[in-house]
Visitor: 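Handing you this structure, nothing more for now.
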Amino acid sequence: MTEANKDAVDAIIDQWHAVRPDLETAPMAVFGRIYRISRSMGDAMERAYARYEISRGEFDVVATLRRSGAPYTLSPRQLSATLMLTTGGMTGRLDKLEKAGLLSRKPDPHDRRGLQVTITDRGLSVIDEAVAAGLEVQRAALTGLDDQEVAALTGLLRKLMAGV
């Protein structure tokens, strides 16, 4: 690899090799890049969703309702489980999204103690635009890869995720 092709992770690995040549740094090369890509893309997605006055976390809630299909209704417990959030964390997001008019909460007709969360018409419109904007950011990030490389990367990441 030429110096021109090296990135920040390569520099970190080179430093480790200089002080600890005994270390096998291949895992660092993989996960260092995954972490940096994740941070960078997370920031880019946050900017894309900000145009719709929602955060990534709020996007996840409304997108989960949208993906659930008509009537776009789930319980707070179902949302929490899907998004791996505590009920307290979910309540905060639901409060903000309800105040913004993107979803509504009403009593569950089948469970007197439960609630149903439903996406509003405004929420449908916002999420449909936001998901398209987010996909465009992701698509742009992949422009350096051809279709075969994207498919190979997808398969490798799926395999890695299954082992983690």
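If you're wondering where the values come from, they're calculated on a predicted model, not measured in any experiment.
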Visitor: Checking the side chain of S40 only, and the main-chain atoms of R36 only, is there a donor and an acceptor separated by less than 3.5 Å?
Guide: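 Pair absent, no side-chain N/O of S40 close to backbone of R36.
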
Visitor: Mind listing the closest non-hydrogen atom pair of G123 and V62 along with its distance?
Guide: O-CG1, 3.9 Å

Visitor: Any chance you could measure L94, atom CG, to L79, atom CG, to the nearest 0.5 Å?
Guide: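 Rounded to the nearest 0.5 Å, the CG-CG separation comes out at 6.5 Å.
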
Visitor: Are I12 and V19 co-members of a hydrophobic cluster defined by side-chain heavy atoms under 4.5 Å apart?
Guide: yes

Visitor: Of all the heavy-atom pairs spanning D128 and V131, show the shortest one and how long it is.
Guide: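 Scanning both residues, the minimum pair turns out to be O-CG1, 3.4 Å.
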
Visitor: Give a yes or no on whether F31 and I37 share a hydrophobic cluster (residues Ile, Leu, Val, Met, Phe, Trp, Tyr; joining criterion: side-chain heavy atoms under 4.5 Å apart).
Guide: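 As far as the 4.5 Å side-chain criterion goes, I37 and F31 are not connected within one cluster.
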
Visitor: Can you tell me how far apart CD1 (I54) and CG (L97) are? Round to the nearest 0.5 Å.
Guide: 7.5 Å

Visitor: With a 4.5 Å heavy-atom cut-off, do P76 and V117 have their side chains touching?
Guide: yes

Visitor: Hydrogens and angles aside, do Y72 and R66 bring a side-chain donor and acceptor to less than 3.5 Å of each other?
Guide: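 A donor-acceptor contact under 3.5 Å links the two side chains.
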
Visitor: Judged by atom type as modelled, is there a donor-acceptor pair below 3.5 Å linking the side chain of E149 to the main-chain atoms of D146?
Guide: yes

Visitor: Side-chain contact test, heavy atoms from C-beta onward, threshold under 4.5 Å: evaluate it for D10 versus N5 and give yes or no.
Guide: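 SC-SC contact between D10 and N5 ruled out.
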
Visitor: One thing to verify: whether D111 and R77 come together as a salt bridge, which I'm taking to mean a side-chain N less than 4.0 angstrom from a carboxylate O.
Guide: no

Visitor: What's the shortest heavy-atom distance between V137 and M45, and which atoms?
Guide: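 Minimum heavy-atom separation between V137 and M45: CG1-SD, 3.8 Å.
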
Visitor: With side chains defined as the heavy atoms from C-beta onward, is the minimum distance between I127 and I119 less than 4.5 Å?
Guide: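 They are in contact (side-chain heavy atoms under 4.5 Å apart), so the answer is yes.
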
Visitor: Strictly distance-based, threshold 3.5 Å: is any side-chain N or O of S80 a donor or acceptor partner for the main-chain N or O of Q78?
Guide: no

Visitor: Measuring from atom CZ of R158 to atom OG1 of T154, what distance do you get when rounded to the nearest 0.5 angstrom?
Guide: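 So the CZ of R158 and the OG1 of T154 are separated by 6.5 Å.
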
Visitor: Side chains of L135 and Q138: does their closest heavy-atom pair fall under 4.5 Å?
Guide: yes

Visitor: Please indicate whether R139 has more than 12 foreign heavy atoms, meaning atoms of other residues, nucleotides or ligands, lying under 6.0 Å from its CZ.
Guide: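 Yes, enclosed.
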
Visitor: Crowded around E53 CD? As in, over 12 foreign heavy atoms under 6.0 Å?
Guide: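 Atom CD in E53 is not crowded, with 12 or fewer foreign heavy atoms closer than 6.0 Å.
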
Visitor: For the atom pair CG (L83) and CG (D60), what is the distance rounded to the nearest 0.5 Å?
Guide: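 Reported value, rounded in 0.5 Å steps: 5.5 Å.
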
Visitor: Are there over 12 heavy-atom neighbours, none belonging to D147, within less than 6.0 Å of that residue's CG?
Guide: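 At most 12 heavy atoms, drawn from other residues, nucleotides or ligands, come within 6.0 Å of this atom.
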
Visitor: Judged by atom type as modelled, is there a donor-acceptor pair below 3.5 Å linking the side chain of T143 to the main-chain atoms of A140?
Guide: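 Confirmed, T143 side chain pairs with A140 backbone.
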
Visitor: Less than 4.5 Å apart, side chain to side chain, heavy atoms only: is that true for L65 and T73?
Guide: no

Visitor: Does T118 offer a backbone N or O that forms a donor-acceptor pair with the side chain of Q116 under 3.5 Å?
Guide: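 Flag not set: sc Q116 to bb T118 has no pair under 3.5 Å.
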
Visitor: With a 4.5 Å cut-off on side-chain heavy-atom distances among I, L, V, M, F, W and Y, is there a chain of contacts connecting V150 to M41?
Guide: no

Visitor: What is the minimum heavy-atom distance between A133 and R51, and which atoms define it?
Guide: CB-NH2, 3.9 Å

Visitor: So which of F59, Y52, Y49 actually passes side-chain contact (heavy atoms from CB on, under 4.5 Å) with V126?
Guide: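 So, applying the side-chain contact (heavy atoms from CB on, under 4.5 Å) to V126 and each of F59, Y52, Y49, only Y52 qualifies.
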
Visitor: Is it true that D7 and R33 have a side-chain N and a carboxylate O under 4.0 angstrom from each other?
Guide: yes

Visitor: Rounded to the nearest 0.5 Å, how far apart are CZ of R67 and OG1 of T64?
Guide: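 It comes to 4.0 Å.
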
Visitor: Is the CG atom of D121 crowded by more than 12 outside heavy atoms at less than 6.0 Å?
Guide: no

Visitor: What about V30 and W16, same hydrophobic cluster or not, with Ile/Leu/Val/Met/Phe/Trp/Tyr joined at side-chain heavy-atom distances under 4.5 Å?
Guide: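 Looking at the clustering, W16 is in a separate group from V30.
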
Visitor: Which pair of heavy atoms, one from M28 and one from V9, lies closest together, and at what distance?
Guide: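 Minimum heavy-atom separation between M28 and V9: O-CG1, 4.0 Å.
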
Visitor: Run the numbers on D43 and R56 for salt bridge (charged side-chain N to carboxylate O under 4.0 Å, His left out), then give the verdict.
Guide: CA-CA 9 Å; D43 292 347; R56 277 178 45 204; 5.7 Å; no

Visitor: Between atom CZ of R93 and atom CG of L103, what is the distance when rounded to the nearest 0.5 Å?
Guide: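 That separation rounds to 12.0 Å.
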
Visitor: May I ask you to check whether over 12 heavy atoms, not counting those of R39, lie within 6.0 Å of atom CZ?
Guide: no

Visitor: Report yes if the side chains of E58 and K96 come closer than 4.5 Å at any heavy-atom pair, otherwise no.
Guide: yes

Visitor: Between L153 and L160, is there a shared hydrophobic cluster once you connect ILVMFWY residues whose side-chain heavy atoms come closer than 4.5 Å?
Guide: yes

Visitor: Would a distance-only check, ignoring hydrogens and angles, find a side-chain to backbone donor-acceptor pair under 3.5 Å from T120 to L102?
Guide: yes

Visitor: Between R113 and D108, does any side-chain N to carboxylate O distance fall below 4.0 Å?
Guide: no

